[in-house]
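In what follows, a structure is listed as structure tokens, so that the remarks can point back to it.
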Number of protein chains: 2
Amino acid sequence: MLKPIQNRTRATRARLIETAQGIIAAKGYGALRVEEVVQTAGVAKGTFFAHFAGKDGLMELMIGAQIDAFLDEAETWPAPQTIDDLITQIMPLIQFMTSERYVFDVILRHSGAAAREEIGPIAQTFTRQVDVVSRWLSDSPFRKDISGYLLAEGIQAFSVQAMALHFCAVNNSETMEDRLRIYLDAWLNPRLAS
Amino acid sequence: MLKPIQNRTRATRARLIETAQGIIAAKGYGALRVEEVVQTAGVAKGTFFAHFAGKDGLMELMIGAQIDAFLDEAETWPAPQTIDDLITQIMPLIQFMTSERYVFDVILRHSGAAAREEIGPIAQTFTRQVDVVSRWLSDSPFRKDISGYLLAEGIQAFSVQAMALHFCAVNNSETMEDRLRIYLDAWLNPRLAS
DNA sequence: TTCTAAAATTGACCACGGTCAATTAACTTT
DNA sequence: AAAGTTAATTGACCGTGGTCAATTTTAGAA
């Protein structure tokens with residue numbers, strides 16, 4: 001008793017998503033306008049909002065799917081043995097997340113951030129990212145005094161910090177990789193306090 | 001030759017800010033509408049935008065000022081000797097930052113985030129926070145293998161992470177203090193890898 | 001085939017932030 | 001004081017996301 005979804009609905013939704021993807025491919029996430037999606041897809045505005053929880057809802061889907069794709073690939077890689085390896089392996093994801101200011105904003109807004117009851121797509125990818133990285137770490141030569149899960153959470157926190165600074169005019173002398181390396185070295189390889 | 005500011009301007013601006021503060025005090029940051037500010041202050045809408053860089057610009061000022069007030073007080077405190085002390089000393093700030101979802105969003109959006117050339121008020125408070133905390137740490141019994149500045153940056157990153165999770169429905173079993181304590185203990189007091 | 005209830009769609013309408021050419025007020029200069 | 005110049009203010013207007021009562025389409029029941 002849980003399948004009252006008409007074909008029409010599926011088709012409309014698919015067309016909307018397809019149209020949105022086209023616009024994003026052509027002009028980027030930040031340039032997407034609901035009006036344009038709706039007109040190009042040939043449906044009324046109200047229909048859009050019947051299918052998605054607003055523009056942000058659509059963005060969550062699109063961006064979440066993209067992040068998931070990166071995580072799919074990341075999952076196939078072996079456990080990094082050095083910090084540079086680790087950075088290399090998460091850079092594609094970070095590159096995407098910072099590809100547009102708008103994208104980063106949407107991600108931040110929805111990262112730990114399901115105001116509603118159920119957890120949103122982007123928040124899910126954050127959880128998943130911690131899982132993936134934490135699995136890597138169980139086979140990596142980094143500090144073992146804390147759990148891989150906590151370690152992975154820290155990597156996420158520092159990644160966000162590095163990405164935020166990336167958008168700050170003042171901090172643009174250093175590359176993001178450099179910043180990340182400094183953070184992660186301090187986090188993953190603490191030297192004993194003398 | 002750098003004082004062509006008329007009194008009228010100062011007065012208008014002051015009235016606008018005053019009005020905004022009143023609305024915020026009464027209904028919170030998220031409920032502020034430019035229309036209401038403008039009508040209550042008795043000026044035209046265009047005037048508002050002649051004085052501030054949009055609603056976000058005003059919010060940057062108001063929220064930035066509030067954060068600065070917390071940092072003013074924080075600066076008078078002695079260097080924390082334990083992680084619990086440290087948490088106690090930054091909690092007022094964190095409490096304010098998470099007092100409203102809207103406030104946290106504005107802060108994130110402007111934290112490392114001056115899209116323009118000059119650094120915005122909120123981004124400045126982030127820099128200042130690192131300075132304040134880093135000054136504390138020079139007199140604290142935490143790890144010494146990395147600079148106090150880097151240590152402070154990490155505290156900021158973990159604070160943001162803890163705050164983001166605070167707004168996530170899934171992670172609400174733990175209190176923010178608990179989360180922070182776990183993060184900061186791992187960051188500031190790493191045990192030697194065996 | 002016809003009727004009916006539920007689901008999907010429509011588009012006029014609203015809220016709200018933001019713009020800008022035109023107007024008014026405030027100062028200089030003569 | 002009058003004319004000229006710059007700065008401040010105005011408000012009609014726009015872009016864009018979002019709403020919702022009314023309408024159309026669909027799937028089954030009679």
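All chains are named by letter (A, B, ...) in the order of the sequence lines, taking the proteins before the strands, and each is independently numbered beginning at 1.
A donor-acceptor pair is defined here as one N or O able to donate and one able to accept, closer than 3.5 Å; no such pair exists between the side chain of B:Glu100 and the backbone of B:Thr98.
Looking only at side-chain heavy atoms (C-beta outward), B:Glu73 and B:Pro92 stay at 4.5 Å or farther from each other.
Each of C:dG17, D:dG18, D:dT16 was ranked by its minimum atom distance to the side chain of B:Arg33; first place goes to C:dG17. Of all nucleotides listed (C:dT19, D:dG17, C:dA7), D:dG17 comes nearest to the side chain of A:Val34. Candidate nucleotides D:dT19, D:dT9, C:dT9 were compared by shortest atom distance to the side chain of A:Arg8, and C:dT9 ranks first. Closest to the side chain of A:Ala50, from the set C:dA8, C:dT9, D:dG17, is C:dT9.
Protein atom CZ of B:Phe49 is 12 Å distant from nucleotide atom P of C:dC20, rounded to whole Å. Between the CG atom of A:Asn7 and the P atom of D:dT25 there is a distance of 17 Å, rounded to whole Å. One interatomic measurement links the two molecules: CD of A:Glu36 to P of D:dG17, which rounds to 10 Å at whole-angstrom precision. Between A:Lys55 atom NZ and D:dG18 atom P the separation is 8 Å, expressed in whole Å. Between the P atom of D:dT16 and the CE atom of A:Met59 lies a distance of 13 Å, rounded to the nearest Å. Following rounding to the nearest Å, B:Phe48 (CZ) and D:dA8 (C1') show an atom-to-atom distance of 16 Å. Atom CG in A:Leu32 sits about 15 Å away from atom C1' in D:dG15, given to the nearest Å. Counting to the nearest Å, the P atom of C:dA26 and the CZ atom of B:Arg10 are 15 Å from each other.
Not one side-chain nitrogen or oxygen of A:His51 sits closer than 4.0 Å to the OP1 or OP2 atom of C:dA8.
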| What's the verdict on salt bridge (Lys or Arg N to Asp or Glu O under 4.0 Å) for A:Arg109 and B:Asp105, showing C-alpha distance, side-chain angles and the deciding distance? | CA-CA 7 Å; A:Arg109 193 156 0 111; B:Asp105 279 353; 5.1 Å; no

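Proximity of the aromatic rings of B:Trp187 and A:Phe158 is defined here by a centroid distance below 6.0 angstrom, and this criterion is met.
Between A:Asp131 and A:Arg128, none of the side-chain N atoms (NZ, or NE/NH1/NH2) sits under 4.0 Å from a carboxylate O, so this pair counts as no salt bridge. A salt bridge is defined here as a Lys NZ or Arg NE, NH1 or NH2 lying under 4.0 Å from an Asp or Glu carboxylate O, and B:Glu36 with B:Lys27 meets this definition.
Less than 4.0 Å separates DNA chain C from at least one heavy atom of each of the following residues of residues 38-47 of chain B: B:Lys45, B:Gly46.
At a threshold of 4.0 angstrom between heavy atoms, the contacts of B:Leu58 with the nucleic acid are absent.
Mapping B:Thr12 and B:Glu35 onto DNA chain D by nearest heavy atom places B:Thr12 closer to the 5' end of the strand.
With 3.5 Å as the limit, one finds a donor-acceptor pair spanning the side chains of B:Thr175 and B:Asp178.
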